[in-house]
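By convention in this document, chain letters (A, B, ...) are assigned in the order of the sequence lines, proteins followed by strands, and residues within each chain are numbered from 1.
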Protein chains: 4
Amino acid sequence: MSSVSESGGPRSGRPRSKCIDHAVREATLHLLEEVGYARLRMDAVAARAKVGKAALYRRWPSKAALVLQHLIGDLSPRAPADTGTLRGDLRVMTRDTIARMTHPRVHPALPELLTELVRDPALQRLFEEACLIPERDAVRAVAERAVSRGELSRMPDVGWAYAQLTGPVFVWLHLLRETADEATADRLADDVAAAWTASEEWQEREVGER
Amino acid sequence: MSSVSESGGPRSGRPRSKCIDHAVREATLHLLEEVGYARLRMDAVAARAKVGKAALYRRWPSKAALVLQHLIGDLSPRAPADTGTLRGDLRVMTRDTIARMTHPRVHPALPELLTELVRDPALQRLFEEACLIPERDAVRAVAERAVSRGELSRMPDVGWAYAQLTGPVFVWLHLLRETADEATADRLADDVAAAWTASEEWQEREVGER
Amino acid sequence: MSSVSESGGPRSGRPRSKCIDHAVREATLHLLEEVGYARLRMDAVAARAKVGKAALYRRWPSKAALVLQHLIGDLSPRAPADTGTLRGDLRVMTRDTIARMTHPRVHPALPELLTELVRDPALQRLFEEACLIPERDAVRAVAERAVSRGELSRMPDVGWAYAQLTGPVFVWLHLLRETADEATADRLADDVAAAWTASEEWQEREVGER
Amino acid sequence: MSSVSESGGPRSGRPRSKCIDHAVREATLHLLEEVGYARLRMDAVAARAKVGKAALYRRWPSKAALVLQHLIGDLSPRAPADTGTLRGDLRVMTRDTIARMTHPRVHPALPELLTELVRDPALQRLFEEACLIPERDAVRAVAERAVSRGELSRMPDVGWAYAQLTGPVFVWLHLLRETADEATADRLADDVAAAWTASEEWQEREVGER
DNA sequence: AATTAATCGAGACGGTACGTCATGTCTTGAT
DNA sequence: ATCAAGACATGACGTACCGTCTCGATTAATT
């Protein structure tokens, strides 16, 4: 993970204090939980961390970057374990997804963070590297295992799979304002498994129809 | 549809001018397309509509309410036609969804609007009545037809179905920044059809296993 | 006194309700005492009088006019009694002046009313007719009596006399924020008497010096 | 003179820019002359000084404070020269008073400034320190010289003297809307001299009557 | 040890939009 | 033509927050 706060440059002069990084992290995460993203003020972060605002902007170019940087850890997917079956692997993944998206710090900040993400290409890259790419790798790994087991005959579209796995949870949580537990995760995993399997059958059928 | 700008009660006093409603609508929609949601200024709306800012705030409590009110038309689902098959009906629905979410006014405003939606309960109610409920009705109608045709033996969860139908498109468009066409719609429709069908088989199987 | 609220014009249609004049007067005076001039809102007057704002503006062209109109009674000088001596007459006048300027309704509104007076020629005329002219007449009467008694040999400048009589009280009350009682009035009366008398001596002396 | 814009304490942080103080002063004084007090807009001051509105409100709590602060220089009295006689000293003072009150920046702003002064205790203190106290000192100096010369046998009331010297000019200029020149100043000086002298005679007489 | 140069906390800065407020006018339908 | 109710345009207000900049004071690595 390439950190926003690691600047490439200066060789001499006073080095940046490590304990500022830590204090800012503490302040940001606490304030996120207390007031959410929108009401989180850079002044407040600086004050709580007993740090000058300049120290903040020396490390992160914007409020969104600061927050995203510190939520990345909570947002990044875990490596998907091999359970022996496609449905099992998918269930592990969806449970991980739901766990991250319902995290007390992540949940209230997610929609606003997405808004900033859309606006700022630098944030997009950060998010992509920390979340999108690992998630796609995970999907790919699961799919490859399923292919090698013979559960699938061909690889599904990894990008679309990401949308299948993440989208319903996001809408479920934020638009419908429902709660999500392991049953929700399992239901989603089954949906995806069904879609992957069925799409093969249809393709075969369609090929056969010609 | 219960409008934000329709006040409930009084009979006396000067009634709110219809032509202001119209001018504001025109101004809002044009500015949305020209500059998007974030850069849309209340001052600019008022100026373009040749209206005082007070007239705006008398009708809508916030910028978000103003915009949502006027995008509702573009966001509300069409009644789903009966194509004779479940997959056909679903394809009509997903195409409609994608058409709405890629609308030039809707697309750039959607993430920010969602952010406000999450914050403001009044907006949530407005959105629910204008979008969520009709969309759920549409899903229910499609599912009921499928049941009566014998394609499904039992009704799926309508709320979850909404998440299945909307979530992937949202993520696909805004997180992955991909484009969506009719092929995307069809793929999604097939996913949902597969999930609905498969979930029945699994349930049967699970019942049989006991 | 020509009232602002007597419009010259309409012959036909519904006549203006007298009881509105009364209700507005009551509301204005009470609000003046309660919140002063600056925080007195036209909306509040209308609401308290249970009257439409249009009825207000049909009678008075501005807030300042409305207030001035209703304070005129408290501002207008009483006819000066003949006490037999110049100093006695002046003391009656200064006591009257101080009584009016310390009136609970007049005192807090006076500086702001003066500001409006400076701005608005129509108010100036109203004030002139109701206060300035009567006051000058009073001064003239007192001076003429003094001349006829032989206390003065020539008439003083009536305008300047008004400034002599009013100015110190205004500054005393509003700039220095002191309280004024009858002793203050007497002191002022003596000052003016001294000035009038002395100016004659000086003039004689100056004439004699030539 | 204790300035509104001088904050008492802190040693750290970026100090307030001197050149902003200067630019704001320039802008305020020019706009005062161009449009007067009532039509002077804080936005306009900020724009003309090329300064953010926040910088204004950081220094002065209100428009009235801003203006008063910058007019103080024009309002403060000059030290009264010793001309050798009481009447001469008083004429110097009254000419100074009239000169200040007819100053092109001061004259049109004075009534409105007085209004704000009455409302705001902080402004009162500022005005008191910069004007009232020096003016009273000047009066006292003049009176003491007169006493030491034998022109007066006892000190007059300094506060009342201020009212005598200032009040008639204010009323003459703003209520009567007359013009004031040196003749006016001399007339006023003679009035005050007469009052001071006469009050002694009366007191003697009253003492003698007992 | 002295020098150098980037850091530090504090907080002022320009800019920009916000939502509120009050005035005086205008528009209903009813009297 | 009036009435009460209340919407209207206008235009200033004071506040808020962002991201930048400046101040004098550290603080390490380099001379």
Side-chain angles (χ1 to χ4, degrees), chain A residues 7 9-17 19-20 38-44 46-47 49-64, chain B residues 7 10-17 20 38-44 46-47 49-59 61-63, chain C residues 7 9-17 19-20 38-44 46-47 49-58 60-64, chain D residues 7 10-17 19-20 38-44 46-47 49-59 61-63:
Chain A
S7 82
R11 293 279 177 276
S12 74
R14 175 177 178 175
R16 293 189 185 163
S17 163
C19 69
I20 286 181
R39 280 199 288 254
L40 178 139
R41 308 289 165 225
M42 293 302 266
D43 286 12
K50 286 176 185 170
V51 146
K53 270 208 296 174
L56 258 45
Y57 283 100
R58 212 173 285 124
R59 288 166 171 76
W60 300 276
S62 68
K63 170 178 159 179
Chain B
S7 78
R11 258 128 190 71
S12 81
R14 177 177 176 176
R16 295 193 181 160
S17 164
I20 286 183
R39 279 196 290 249
L40 179 138
R41 307 293 165 222
M42 294 302 265
D43 287 16
K50 287 175 185 171
V51 146
K53 259 206 298 180
L56 257 45
Y57 283 100
R58 204 174 291 122
R59 288 169 169 76
S62 67
K63 172 177 152 179
Chain C
S7 82
R11 295 278 179 281
S12 73
R14 177 175 174 177
R16 293 189 185 163
S17 162
C19 68
I20 287 181
R39 281 198 287 254
L40 178 139
R41 308 288 166 226
M42 294 302 267
D43 286 16
K50 286 176 185 171
V51 147
K53 272 208 295 174
L56 257 47
Y57 283 100
R58 211 173 285 123
W60 301 276
S62 68
K63 169 178 159 179
Chain D
S7 78
R11 256 126 191 73
S12 82
R14 176 176 178 175
R16 295 192 182 162
S17 164
C19 70
I20 285 183
R39 277 195 293 247
L40 178 139
R41 307 291 165 223
M42 294 302 266
D43 286 14
K50 286 175 185 172
V51 145
K53 256 204 300 179
L56 258 45
Y57 284 102
R58 206 174 289 121
R59 287 169 170 75
S62 66
K63 172 177 152 180

Any idea which heavy atoms bring [X] and [Y] closest together, and the distance?
X      : Y      : result
M42(D) : L56(D) : O-CD2, 3.6 Å
G52(C) : A46(C) : C-CB, 4.3 Å
A38(C) : R41(C) : O-NH1, 2.9 Å

- Message: So, does R14(B) get its side chain near the phosphate of dC26(E), meaning an N or O under 4.0 Å from OP1 or OP2?
- Response: no
- Side-chain N or O of R16(A) closer than 4.0 Å to phosphate OP1/OP2 of dT26(F):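 No.
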- Item | Nucleic acid footprint by protein, nucleotides 9-15 of chain F - heavy-atom cut-off 4.0 Å, B for base, S for sugar-phosphate alone | SB-SSBB
- Query: Nearest 0.5 Å, what's the OG-OH distance between S62(C) and Y57(C)?
  - Reply: 7.5 Å
- Test side chain to side chain donor-acceptor pair (under 3.5 Å) applied to K53(B) - qualifying residues, sequence neighbours left out: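 Listed in chain order: D43(B).
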- Item | Rounded distance in Å - CG (L56(C)) to C1' (dC3(F)) |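 From L56(C) CG to dC3(F) C1': 13 Å.
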- How many Å lie between CZ on R59(A) and P on dA6(E), as a whole number? 15 Å
- Nearest-nucleotide 5' precedence on DNA chain E, S17(A) against P15(D):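 Taking each residue's closest nucleotide, the earlier one in sequence belongs to S17(A).
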